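Heads up, the thing below is written out as C-alpha cells.
One-based numbering, in listed order, for ligands and for the atoms of each. Being a predicted model, the structure only gives us computed values, none of them experimental.
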Amino acid sequence: MDYSEKVMDHFANPRNCRVMEDANGVGTVGNPTCGDLMTIYIKVEDNVIQDISFQTFGCGAAIATSSMITEIAVGKTVEEALQISRNDVAEELDGLPPIKMHCSNLAADGLQAAIENYKENNQ
Ligand code: FES
C-alpha cells in the first residue's frame with residue numbers, strides 16, 4: 001500500500017499525542033467496522049482553539065490523520081474548525097489510499113464531537 005511521505009512522517013512522529021487534563025471540550029469517536037477509537041481534546045479560549053491533542057487506538061492512518069487535524073485546527077475559531085472536512089485532512093496528508101479514507105473520517109468526526117462537547121459545556 002502506498003502512503004505519502006507526510007502520512008509516514010505523522011505516523012512516525014505524531015504531533016500533540018497526549019491527554020489534556022484541562023481540556024474544555026472532549027470528543028471520542030469509533031469506527032465499528034475496524035474497532036479503532038479516537039479521542040480529541042480541545043482548549044478553547046475567546047472562541048479560538050488554543051490547544052488541541054489526541055489519543056488514538058487505531059491504525060497508522062488513524063494516528064497520522066489525528067496528528068494532522070491537530071495541526072490544521074490549532075489557532076482556528078470554533079466556526080472555522082467546524083468547517084474542516086474529512087477530505088481536508090486527507091488532502092493535507094497528500095492523499096490516503098482509498099481503503100484508508102475512513103480513517104480520516106474519524107479525525108474530522110472526532111474534532112466535531114469535541115467542539116459539540118465544548119458548546120454543551122459552555123451554554
Ligand atoms: Fe480503522 Fe484506520 S483502519 S481508522
Side-chain angles (χ1 to χ4, degrees):
M1 204 176 289
D2 259 355
Y3 287 110
S4 71
E5 274 178 32
K6 272 196 192 171
V7 173
M8 294 308 289
D9 179 37
H10 277 265
F11 169 59
N13 307 292
R15 326 304 198 249
N16 305 302
C17 178
R18 60 191 149 85
V19 175
M20 194 190 297
E21 301 292 347
D22 58 347
N24 53 13
V26 181
T28 298
V29 289
N31 180 308
T33 310
C34 63
D36 291 354
L37 269 181
M38 184 184 295
T39 300
I40 303 272
Y41 304 86
I42 53 174
K43 181 150 59 165
V44 180
E45 277 165 28
D46 300 328
N47 200 44
V48 171
I49 298 183
Q50 305 284 357
D51 197 10
I52 171 166
S53 67
F54 77 93
Q55 247 194 335
T56 293
F57 302 93
C59 71
I63 291 167
T65 54
S66 354
S67 170
M68 177 50 89
I69 208 164
T70 66
E71 291 208 321
I72 301 175
V74 71
K76 288 205 168 17
T77 65
V78 168
E79 291 74 23
E80 288 167 343
L82 274 174
Q83 301 298 318
I84 298 171
S85 73
R86 299 163 162 192
N87 274 341
D88 292 338
V89 183
E91 270 172 29
E92 284 291 332
L93 286 167
D94 295 336
L96 278 172
I99 198 174
K100 286 285 171 186
M101 280 305 287
H102 79 270
C103 315
S104 62
N105 299 354
L106 216 50
D109 292 353
L111 175 59
Q112 300 210 347
I115 292 173
E116 288 308 317
N117 179 248
Y118 163 74
K119 287 183 168 176
E120 281 163 20
N121 292 341
N122 289 277
Q123 272 175 0

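Ligand 1 lies nowhere less than 4.0 angstrom from a heavy atom belonging to Met38. Using a 4.0 angstrom heavy-atom cutoff, Asn31 does not count as in contact with ligand 1.
Proximity of Cys103 to Cys59: side-chain heavy atoms (C-beta onward) are separated by under 4.5 Å at one or more points.
Of all the heavy atoms in Lys100 and Ala61, the pair that sits closest is CD-CB, 3.9 Å. Minimum interatomic distance between Glu71 and Arg15 (heavy atoms only, all atoms of both residues): OE2-CG, 3.4 Å.
Protein heavy atom nearest atom 1 (Fe) of ligand 1, with residue, atom name and distance: Cys34 SG, 2.1 Å.
Atoms of ligand 1 lying under 4.0 Å from any heavy atom of Ala62, numbered from 1 in the order shown and given with element: 4 (S). Within the listing of ligand 1, atoms 1 (Fe), 2 (Fe), 3 (S), 4 (S) sit less than 4.0 angstrom from a heavy atom of His102.
When non-hydrogen atoms are compared, ligand 1 lies under 4.0 Å from the side chain of Leu106 (C-beta onward) but not from its backbone.
More than 12 heavy-atom neighbours from other residues, nucleotides or ligands sit within 6.0 angstrom of CG on Asp22. At most 12 heavy atoms of other shown residues, nucleotides or ligands fall within 6.0 angstrom of atom CD in Glu5.
In this structure, SG of Cys103 and SG of Cys59 enclose an angle of 100° at atom 2 (Fe) of ligand 1, rounded to 10°.
For Asp36, the N, O or S atom closest to atom 1 (Fe) of ligand 1 goes by the atom name OD2.
Defined by atom type and a distance below 3.5 Å, a donor-acceptor pair is missing between the side-chain atoms of Ser4 and Asp94.
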